[in-house]
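Notes for the one structure printed next.
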Amino acid sequence: MKVPFLDLHAHHEPLRQQFDEVIHHVIESGAFAGGPFVDRFEEDFAAYCECAHAIGVGSGTEALWLCLLALGIGAGDEVITVPNSFMATAEAISYCGARPVFVDVDECTYTMNPEALADAITPKTKAIIPVHIFGQPADMDPILALAQEHGLHVIEDACQAHGARYKERRAGSMGIAGCFSFYPGKNLGAFGEAGAIVTNNPDLNEKIRVLRDHGQFRKYHHSKIGWNCRMDGIQGGILRVKLKMLENKNQNRRAHAAHYNRALVQIPGVLTPLHASYAQHVYHIYAIRVKERERIMERLTQKQIGCAVHYPIPIHLQEAYRSLGYEKGSFPVAERCAREFISLPMYPELTSEQVKQVASCLNEAISEID
Ligand SMILES: *Cc1c(COP(=O)(O)O)cnc(C)c1O
């Protein structure tokens, strides 16, 4: 039995009629760029994230970038983040003129190590971007305490963590702002590119709204040099339909993760993900760690099990960031994880037969290479 890495078709099929209806409404209304469908989604998404405001934009990358710009971060500033994220986290920092500074992650949760963070703060540091990688929030209390002590902004990269919680709090609601991506494969995915920022800060909300629309505070009145980062009306409509299902779908992901954990714990040499006691994890990615990753993945692929690596090269070792001067060995935990991670199929519509099949193929693959 074949198990794909991701199955968007299974995810969308039961909702086809609702999608057709909302797309029809958008076409009828002509509200294609921003407009009422985006406004309504923003209201719902802010409420879901337990925040006062949500601002829809064109992607998660734009969410991060506009947030940093609106906070006045630019040339000469340093922003601290982690090397085991998608490139966009660092790119957003670079694109507003600041310098990304990386710190290593915790060996068990793969999120920002608060002790390493403390050592990386300099007089130039302006903000910290913890990444809730794979759907598990970073350990926010010590990060927020350090930020407060040094007068720094915390921007959560919640692009993989829609609906996750840290203790009682929603991912995205703890820092000055939280940034989300609605790339199609994310836990809440659009029909194309989209993203959002959530915040409780009214001033930041206003600034980002102006920046995402060419710096206009009124039509053709520009107070700032902004950019076009509006969300499409169709994406707003689609996301509003899908948001209603998100709690349920995240619950399914947690159930699949628990099933994987039970099935994989018996396989020698497989390290299953830790679900931190402070977290409600939303398993955007279910990543295990193994030695001999390439040989195992080759065999999984032969057995028609979809798998992937998030991410094979940590950001500090990317060619694009050679000028920052980091070397191999700078962040041993992130580098070891990058060598050992395999992401297994994870989506709400997985069946328990599929989970069993993945586990048994992994077991076979590992015994074959011994
Ligand atoms: C997906 C992702 C982004 C970027 O979002 P886009 O919508 O693809 O621009 C940023 N950070 C992380 C951690 C992501 O997973």
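Position 1 is the first residue of the sequence, and the numbers go up from there. As the structure lists them, so they are numbered: ligands from 1, and atoms in each ligand from 1. Remember, predicted model here, so these are calculated numbers, not experimental data.
Looking at Arg336 and Glu107, a side-chain N of the basic residue comes within less than 4.0 Å of a carboxylate O on the acidic one, giving a salt bridge. A salt bridge links Asp203 and Lys207; the closest N-O separation between the charged side-chain nitrogens and carboxylate oxygens is under 4.0 Å. A salt bridge links Arg16 to Glu13: at least one charged side-chain nitrogen sits closer than 4.0 Å to a carboxylate oxygen. Here Arg169 does not pair with Glu50 in a salt bridge; the nearest charged N to carboxylate O distance is not below 4.0 Å.
In terms of heavy atoms, Leu152 sits closest to Thr125 at CD2-O, 3.1 Å.
Residue Gly195 places every heavy atom at 4.0 Å or more from ligand 1. Not a single heavy atom of His284 sits less than 4.0 Å from an atom of ligand 1.
For atom 8 (O) of ligand 1, the nearest non-hydrogen atom of the protein is Ser181 OG, 3.9 Å. For atom 2 (C) of ligand 1, the nearest protein heavy atom (residue, atom name, distance) is Lys186 NZ, 2.7 Å. Looking at atom 11 (N) of ligand 1, its nearest protein heavy atom turns out to be Asp157 OD2, 2.9 Å.
Listed by atom number, the atoms of ligand 1 under 4.0 Å from Gly60 heavy atoms are 5 (O), 6 (P), 7 (O), 9 (O). Near Ala88, meaning under 4.0 Å from one of its heavy atoms, ligand 1 places the atoms 4 (C), 10 (C). Every atom of ligand 1 with a heavy atom of Thr89 under 4.0 Å away is listed here by number and element: 11 (N).
Residue Thr61 has at least one nitrogen or oxygen atom sitting less than 3.5 Å from a nitrogen or oxygen atom of ligand 1, judged on distance alone. Taking distance alone, with nitrogen or oxygen atoms compared against 3.5 Å, Ser85 stays at or beyond that limit from ligand 1.
Side chain of Asp106 to main chain of Thr109: a donor-acceptor pair is present (N/O by atom type, distance under 3.5 Å, no hydrogens or angles). The main-chain N or O of Leu350 is found under 3.5 Å from a side-chain atom of His256 such that the two form a donor-acceptor pair. A side-chain donor-acceptor contact under 3.5 Å links Thr199 to the backbone of Ile176.
Of the listed options Ala196, Cys159, Pro184, Cys159 places a heavy atom closest to atom 10 (C) of ligand 1.
Aromatic ring centres of Phe102 and Tyr326 lie closer together than 6.0 Å.
Under 4.0 Å from ligand 1, heavy atoms of Ser59 appear from its side chain as well as its backbone. Heavy atoms of Glu62 found under 4.0 angstrom from ligand 1: none, in either backbone or side chain.
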